[in-house]
Structures are given as C-alpha cells and as structure tokens.
Q: 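Supplied in structure tokens, the structure appears directly below.
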Amino acid sequence: MALQRSLPADRAARGPRRGVDVRDVLARYGTLIALVLLVVVAAALSPRFLTTVNLMNVLRQTSIVGVLGIGMTFVMLTAGIDLSVGAILAVSAVLLGGTLERTGNIWLALAVAPAAGMVVGLVNGLGVTWGRVQPFVMTLGMLGIARSLAFLYTGGEPIPILDMGFLRLGIGYVAGVPVPSVVFLLLLAAAALVLRYTPFGRYVYAIGSNEEAARLSGINVGLYKILVYVLSGATAAIAAILYGAQFAAAPAIAGEGYELDAIAAVVVGGTSLFGGQGGVIGTFLGALIIGILSNILNLTGVSPFAQPLAKGALIIAAVWIVGRGQRA
Amino acid sequence: MDAAQPVLEVRGVTRRFPGVTALDGVDFSLRAGEVHALLGENGAGKSTLIKILGGAVRKEAGEILLDGRPVDFHAPAEALAAGIAVIYQELVLCPHLTVAENVLMGHLPRAGGVAVNWRTAKARVAELFRSLGATVPLDVPVGRLSTAQQQMVEIAKALSRDSRVLVLDEPSAALGQRDLEHLFAVVRRLRERGVAIVYISHRLEEVFEIADRVTVLKDGRLVGSWPIAEVDMGRLVRAMTGRDLGAVPGGSAAPDAPVRLELRNLGRRGAFSGVSLRLRAGDVVGIAGLVGSGRTEVLRAVFGADVPDAGEVLVDGRAVRFRSPGQARRRGLGLLPEDRKSQGLLLNRALRENVSLASLARFTRLGVLGLGREDRAVRELMRELRIVARGPGQQVVSLSGGNQQKVVLARWLARRCGILLIDEPTRGVDVGAKEEIYRLIHDLASGGAAVLVVSSELKELFALCPRILVMREGRLAGDFTGATLREEDVVAAMLLGGTDDGTATLAAG
C-alpha cells in the first residue's frame, strides 16, 4: 500500500507488481512479524512462557488496556486523541463500586458505569467539536477533572467490592479463556466489523484522512467526532468494570497512566497518529506485544525499574519500523 | 527616465515543465528608474519569468544580463546578493518576529561581535521607512500588521540589501484603495531613486496609473513591449487574449427545461453580494473572475459550505437554506472543490472509499455496508469515466491528477447528483484528461444535469460553457452568451468591471 505512494502514476496504473517488496510487507504485517519474533524470543528466554497458564495470564492482563485501546483506536483514526481514558476508568469504577456498595444491585452497577463513561466522553466530544478545543488539550483537561471527581467521590478511600457474583467477572473462565479476555475479544470483533462494514466506520477513516473533504462530501463531521469520544468513554467504562472485578476494589487512582499504555498499543499496532490509517486488529496485536514484553521481563526477573525503559524502547522501535515501510 | 543601458536584460529565456513550455524564448529589458508592468493571463509565463529572475527557478536556455554581465542564479540568495529582490504575492515574513528583526533578518548589526545592537538596528530600520515615506511600528510582531504594512516591511527588507531591481508580484491583489495609493507613492519614490521595478497586476487601470512601460506575455511567449503612452486598454486586452475563439460548445438547455437552481440576490458579507442566476437542466454555465472576485465563495455558499447571509437559493423552485454541505447533498447538489488534494480527496484511502463516500446509504442495508454492491458500482464508474488505476483498492495518492479529478467527479455521479458545482474542473490535469473531463461534463448536461463551472482558465470556460458570467470584486460584472460571448469582452469585464468595449468603468474600483 504505502509503497505505491512513491510510484509515478503511469507505473502505478500498469498492473499488479511481481515479487516481494520488503517495505510493503513491513507496512502491512510489521506488527504481526514483531509479535511472532517476540514470542520466539520469549519462548527461548523462559520455559514458562509457552505454558497455557502463563499465556492466559498475559491475555487477561492485556484485556483492560486492550479494551481502552479499542475506543482509543476510533478516536485516533479521526486524527484525535483521548488522554482522559484512564481517568474515565476511575470515575466509572468508583461509581460502579459505590452503586454496588449502596444498592447491592449488580445490574444497576453495570448500567451506571457505562453511562458515566459515555457522559464524560460526550463532554469531550462537545468540547472538541462545538468548543473547537484541540483533542489533546480537551482530554488533557478532562484527565484532571475526571480523576479529581473520582477522588472527591471516594474521599480518598478505595471502595472495596465484595459481591461474589460480580467478582466472578474477574476470575471466571469461559471455555478456558478468562472472562475479561472474552469481553475484550468480543468487543474487538465488534469494533473490527463496525470499522469495515458500516458507514460509520468509513466516516471515521474519512474524517481522519481529510476532514475538510469529508465535510464537503456532506458528512456530518461534528456528529461522528462526538460519537468516537462517546465510544471511547464507553470502552473506558467497560475497562472499569473489568478492573473492579479483577482487583475487587475501586480506588480513585484506578487506571492511572493507562491512557499511555492504550495509546502505545494503538501506535505499536500501526494506527497513524495523523488519522485515517490503521485499525483495531493492529491495536490487538500492539496490546499483545506490550503485554508479552512485560510478561517476559517479569519471568526473567528483570528489575521493575528497568521495565518502562524496555517498553519505551520497544514502542519507539516498533513505530520506527512500521514508519520505514509507510514512508517509502 | 533615461534611455541608458538597461539594468537587466533577458534574452531568449526558455523554461519547460513536464507537459508545458512555461517560457519560450522570451526577451525582456528593464531600465533603472522605470516601472515596467508585466501582463498576461494565468499561465502566460509571468510567474516563471519572475521566479527565474529571483533565482527560485532555473532557466534552460537564453541569457540574463545584469549591468551587461551574464548571470545565472542557482538560489534566491544569489539573486538577492546580486541586487534583485522579488516580493511574491504570498509574503514570506516571520510572523512572530518584530518588524525590525524581519527587515534586518540575516544581517543584524552586532555589538562586540555577538550580541545584537538593537539601538543601531532600530535606527537603521526607522531610517529605511522614513525614506519610503511609510509609517510602520517597529516593535510589533509582523503577524499583527495589516497586509499593506507587511508589504512595506518586505519592501524595506529588499531595500536594506540595496536591491536595484524590485519585482512586485500582484502587490495590489490584497490591498484596498487607500493602501494602494500609499503603495504607489512608495513605488514612485523608489523610481526617483533609480530602482528598477517590475510590476505585475491584473488590474489594467493600475498599470496605466503607475507604469512607464508594459510587456505582455501569452502562452509563454512575448507578445510585445511598449511605452505606456503608445497603448490603450483595448489593445492590451487584445494582446493578452490574442486569437479569436473557435466554435461555441454545447451545454445549452432547451429554453423550456426546468430550472434546477436559482440564486436571487445571494450574498455573504465580505465575500460577494447581489448574485442572481438561473440554471436549467442541461445548462453548463461558467463563472469567470480573478482570484478573490468571489467566484469560489458563491459555489461554497450555494452548497452550504459557508452560510450566505442575504438573498435566497431555490432548488427545483423551492427555497432552501443549507446550513451544511450534508443538507445540500440531500437535495441533489454536489461540489467539486477548488483544491482536490486538500478539500476533495482522502489521499491515503482507497479509490473505492473515495468514490462511494457521499453515497454509502445506497449500498447499506439494515446498517450493513454491502461491499459487493459497492465494488460493482465503483468498477462501473471507473469504466464509465475511464479512470486508470490498478483497481478499486488503489490509494488515490498514487493516481495522476486527471484520474484524481475523475475520482471526485465519480463521487457525485455515484449519487446521480443532478446539480453539480465544479470549481476548477481541470487544475493540474494533463491535456488528454482535460478533454475527457470536458466530455464527461457535457454528457452529464445532455443527460439532464445542471452544471455551474468556476475556472481561472478562460480557455476552459470557453471550451465548456455556452454562457459565461463574470464576477469582479464580489459582484456579477457581465453575462455573455451566444453572439456577445467574446474573450475580449469577458477579460475586460474581469479586469475593469464594464462591458462597453474595454474602455472602462474606472470608477467601479
């Protein structure tokens, strides 16, 4: 794909090219190749890596950031960014915990969390469209606001979650797969289908590729931009549910810094920061790469202080390699 | 003005670009202390010539003599060092730096070798402006100045380097009447100081007011060069437009065809006003006008891309008020914007997505996009419009200009859009594809579409439209059709605003 950019039109129009082009392959499958390489290296480094228990653990640990990454992918495809997802997770989590604590009604709690997330996302979307505040600034501000609201709600004390029915969401399995991962994979499949098979998906790409062209083609750009932020708020709230079920608590610091992990997963997955290119399958692979890296660092006993270093280097390397292919 | 040896002499300069010869053996001479107007239609070669003089483009053949010595500039800096300063239409100042900093950029006076001596710097700049008779605040960031003041800064910058040749590329395009008089005063002072000035403008009345000599280019060739006293407006217009035109094209609606689009006194503050027209099914109507005449703004306002604040738009006889392009689209309008790359195409997306973008509803059942249905429709349009590409999956960025333009056209044909607003149908499109796009537009019209075309190429409007409206300074300044459709008259209306054989409505400005 990316290679075509450098070809003169007449050559580009001539027909399919023969042979394999390294850059083309990298641009298309770079993330997948990186994942496979990482798995090979990890298996060589630790005999415990390729056990079912360990792999399921990786998948479980990837799920929360992965779910955040789904909404983030939509936002970033429109050339926006959502820095507030970690804070939205916290707001949704404490409201979920508070509702459970007060009413004991799981279904009510499961409704309150997404509602809260979507409301915050709606405010983000309105700020970006009506308010014309840049997405970076709008969601950076919201990061502070939402986090603060979570602290004000809890008064600083984590809300314990004791409802066993609810906690089963965190520890249960479906056909051998942890429930959070099932949720993640189902959402992922739905998101991939939406991007490919609905007009909404097309508009998301169109807006990110060229917002003015989308507008002049009669697309209600403002509406769809609002929708992607609402969607990001919704996935952040679903991540909050998984968080509460996994940690049996809803502290106001829940999800702190997760926005960066989610953005890293999206970017490592090959979605362009400038919008219009990429997708959720890439984000899935990106989240797995980051999850496996953490896992192997733990298994081999690397100091926790050195782990962010390794992750940071990986992110830069991954984007650099994918960028090589795309730039042509 | 003395008739001494010219400061600058251009002999037989030629420059080709892929597909066009921008300059073909052009001669041009410039004397110290004269204002020399350079005229020509868009594409006549004026820009190429001044870019060669300014070192931004290289000549391929011919020679340039500066004070009798041959020169060949490889970069703008070399031209500047030799004493030639070109002030392009797009000013190139640093908006966050002050006036003084901009003027002395690159040669600020130093105190003790390192630190800038600001007192000397400011005094020097103040003196420059005094000698120009201009008042511009020196400590203000340039970005906060008016266009006219910024122009003065550019001129001062040129003088600070002792330029002897000053090229002004359409300096008046963005100026009001008072600023213009001020500019003229400065130009006259410079002339008295012996600076040689090349003055480019589309407004003929200005040329008669300020120039001593005039040179006309057309299609990259020299038409002639005369002292201003020896020519009149009519002669200049004829020199610029040249030949008579061939057969009038099709694209006329039957007189009883239904009116698809009607504008009644449409206006938008600061852009245009009092625009009325009717477009019937089968019509191809052109709008001519200079850049900034409001032609593009009219199309955008009709389409709801900007919201008009006066008059009304009627679609199929019913009044409409489009507040967004989406609403216009629903009523069967389509717009091909002026700049297809920045406003029309999703460059990094597939051809398929670009074509179907405005008509996804057609391919959607129960919320699901039918990729097969879409693919068939896109392939069909590719055949119909003869879009050359590897397939619907190719990224449009790698298509040629002509094919890209066809993609944007296909987007509206996919909706079977009946009222098309086309801004610059073939900008940057090669000759062969141009003909095809013209044919497509005519086919659409004979199929019952109503088409409104804006173009800065008159040749194009004459090839496409049996009726041409002229806009000037935000108003309709002419309406030509059938026997009255002559290029000279259209150009006169564009430049002067009147239609009475090139003589004038000088007061109109």
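Each chain gets a letter, A, B and so on, in the order the sequences are listed, and its residues count up from 1.
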Q: Using a 6.0 Å cut-off, check whether atom NZ of B:Lys341 has over 12 heavy atoms from anything other than its own residue.
A: no
Q: Are there more than 12 heavy atoms of other residues, nucleotides or ligands under 6.0 Å from atom CD of B:Glu312?
A: yes
Q: Of all the residues in residues 369-384 of chain B, which have a heavy atom that comes within less than 4.5 Å of a heavy atom in chain A?
A: B:Leu369, B:Leu371, B:Glu374
Q: Under 3.5 Å, is there a donor-acceptor pair between the side chain of B:Arg349 and the main chain of A:Gly276?
A: yes
Q: Could you check which of B:Gln327, B:Arg330, B:Glu353, B:Arg300 has the highest count of heavy-atom pairs closer than 4.5 Å to chain A?
A: B:Glu353
Q: Compare every heavy atom of B:Arg411 with every heavy atom of A:Ala213, then report the nearest pair and how far apart it is.
A: O-NH1, 4.4 Å
Q: Between OG of B:Ser342 and CG of A:Leu216, what distance do you get to the nearest 0.5 Å?
A: 9.0 Å
Q: Go through the atoms of B:Thr364 and report whether side chain, backbone, both or neither lie under 4.5 Å from a heavy atom of chain A.
A: side chain
Q: Considering only heavy atoms, which portion of A:Tyr203 lies under 4.5 Å from any heavy atom of chain B: side chain, backbone, both, or neither?
A: side chain
Q: Determine the minimum heavy-atom distance between A:Pro199 and B:Gly367, stating which atoms define it.
A: CD-O, 3.9 Å
Q: Are there more than 12 heavy atoms of other residues, nucleotides or ligands under 6.0 Å from atom CZ of B:Arg386?
A: no
Q: Let me confirm one number: the CG-CD1 distance from B:Leu346 to A:Ile207, rounded to the nearest 0.5 Å.
A: 10.0 Å
Q: Using atom types as modelled and distance alone, determine if a side-chain donor or acceptor of A:Asn210 lies under 3.5 Å from a backbone N or O of B:Asn348.
A: no
Q: Taking all heavy atoms of B:Leu357 and all of A:Ser217, pick out the closest pair and write down the distance.
A: CD2-OG, 3.5 Å
Q: Measure distances from B:Phe363 to the heavy atoms of chain A and classify the residue's part below 4.5 Å as side chain, backbone, both or neither.
A: neither
Q: Within this structure, what is the CG-CD distance for the pair B:Leu345 and A:Glu212, rounded to the nearest 0.5 Å?
A: 13.0 Å
Q: Taking A:Arg215 for the side chain and B:Ala305 for the main chain, is one N or O donor matched with an acceptor at less than 3.5 Å?
A: yes
Q: Does B:Arg365 CZ have over 12 foreign heavy atoms under 6.0 Å away?
A: yes
